[in-house]
Amino acid sequence: MKLRLWSIQEEYKLDEIKSNGKLICIKNKYSKEWDNEYLWMKNKMEQRIGNSEFKNQYPIWAWYQHQDANRRKPDLRRTGHLPAGTNGVRIEFEKNKNEVLISDFVLWHFPLCYKSIIAKNEKEAKKF
């Protein structure tokens, strides 16, 4: 089964795709403070879908569903996809389902952005 996905990348990534036919992320340059978390996700991907053909490749973030089932593509007019002032492009592509690690974007970012926990219940959240 194929999944249609969308990734927001800096404009220069289009030249990389045109020259080598692939989109590759060796390391996310915006996430130095989250290196351990990205490495954890990279390791989970390798466990579940296998090793990449490129050494030190990191995940390429893409959306299967951005807002809801009716608004699946991310909107480039919204902020937060790239650092302020960076020109971006939305790249649409398809991958086999067994080549993708589906995760919840909000749940992934919650502990990173808020240095918090994902509580089991309201009482635990209030205690934290």
Side-chain angles (χ1 to χ4, degrees):
M1 176 183 171
K2 293 264 188 185
L3 298 178
R4 180 165 297 178
L5 305 167
W6 296 272
S7 183
I8 305 241
Q9 299 289 326
E10 291 183 71
E11 233 173 6
Y12 77 88
K13 287 292 193 175
L14 284 178
D15 293 331
E16 286 183 17
I17 293 170
K18 288 175 186 174
S19 68
N20 66 25
K22 296 180 182 184
L23 178 61
I24 301 165
C25 178
I26 299 304
K27 193 161 186 179
N28 188 324
K29 65 183 178 180
Y30 301 117
S31 65
K32 291 183 186 347
E33 67 184 281
W34 299 331
D35 279 347
N36 290 333
E37 291 82 356
Y38 277 91
L39 185 58
W40 179 86
M41 181 66 87
K42 178 182 178 298
N43 290 334
K44 287 294 177 192
M45 290 180 73
E46 289 171 353
Q47 288 172 13
R48 294 183 186 180
I49 62 178
N51 293 330
S52 170
E53 62 184 283
F54 300 99
K55 187 178 173 131
N56 298 322
Q57 182 175 354
Y58 274 66
I60 295 172
W61 296 98
W63 281 269
Y64 173 69
Q65 179 175 301
H66 187 258
Q67 293 291 322
D68 55 39
N70 296 319
R71 294 175 292 172
R72 294 181 51 217
K73 294 184 214 179
D75 188 343
L76 274 172
R77 295 170 293 187
R78 295 187 66 192
T79 60
H81 296 297
L82 295 168
T86 303
N87 291 330
V89 293
R90 182 179 61 204
I91 300 168
E92 182 176 318
F93 61 99
E94 288 186 343
K95 292 293 283 182
N96 290 319
K97 187 176 179 179
N98 64 346
E99 297 177 301
V100 175
L101 177 65
I102 301 285
S103 63
D104 186 303
F105 182 79
V106 174
L107 289 178
W108 166 254
H109 277 89
F110 187 80
L112 299 178
C113 294
Y114 300 105
K115 303 297 183 205
S116 185
I117 63 166
I118 299 173
K120 295 177 185 172
N121 53 50
E122 190 174 343
K123 183 179 176 182
E124 186 178 277
K126 286 182 181 181
K127 183 178 177 183
F128 178 78

I60 and side-chain contact (heavy atoms from CB on, under 4.5 Å): which partner among K22, Q9, K95?
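The residue from K22, Q9, K95 that satisfies side-chain contact (heavy atoms from CB on, under 4.5 Å) with I60 turns out to be Q9.
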Separation of K42 NZ from S52 OG (nearest 0.5 Å)
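Going from the OG atom of S52 to the NZ atom of K42 covers 8.0 Å.
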To the nearest 0.5 Å, what is the distance between CH2 (W63) and CD1 (I102)?
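Reported to 0.5 Å precision, the distance equals 13.0 Å.
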Should we count NZ of K2 as having more than 12 external heavy atoms under 6.0 Å?
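Atom NZ in K2 is crowded, with more than 12 foreign heavy atoms closer than 6.0 Å.
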Under 3.5 Å, is there a donor-acceptor pair between the side chain of N96 and the main chain of N98?
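Side chain of N96 to backbone of N98: no pair is present.
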Is there a donor-acceptor pair under 3.5 Å between the side chain of R90 and the backbone N or O of L76?
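It does not hold such a pair.
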Please lay out, stage by stage, how M41 and S103 fare under the test side-chain contact (heavy atoms from CB on, under 4.5 Å).
CA-CA 10 Å; M41 181 66 87; S103 63; 4.0 Å; yes
Are the side chains of [Y] and [X] in contact, using a 4.5 Å heavy-atom criterion?
{"X": "E94", "Y": "R4", "result": "yes"}
{"X": "E10", "Y": "L82", "result": "yes"}
{"X": "W61", "Y": "I8", "result": "no"}

Taking K13 first and then E16, would you say they form a salt bridge - that is, a charged N and a carboxylate O separated by under 4.0 Å?
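Salt bridge between K13 and E16, a charged N being under 4.0 Å from a carboxylate O: yes.
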Hydrophobic clusters here meaning ILVMFWY residues chained together by side-chain heavy-atom distances under 4.5 Å, can you tell me if [X] and [Y] are in one?
{"X": "F93", "Y": "V100", "value": "yes"}
{"X": "V89", "Y": "L5", "value": "yes"}
{"X": "L23", "Y": "L14", "value": "yes"}
{"X": "I49", "Y": "L3", "value": "no"}

Y64 and W6: which non-hydrogen atoms are nearest, and at how many Å?
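For Y64 versus W6, the nearest heavy atoms are O-CZ3, 3.7 Å.
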Residues that R78 engages under salt bridge (charged side-chain N to carboxylate O under 4.0 Å, His left out), provided they are two or more places apart
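Salt bridge (charged side-chain N to carboxylate O under 4.0 Å, His left out) list for R78, sorted by chain: empty.
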As a quick check of understanding, evaluate side-chain contact (heavy atoms from CB on, under 4.5 Å) for Q65 and R72, giving each step before the final call.
CA-CA 4 Å; Q65 179 175 301; R72 294 181 51 217; 4.2 Å; yes
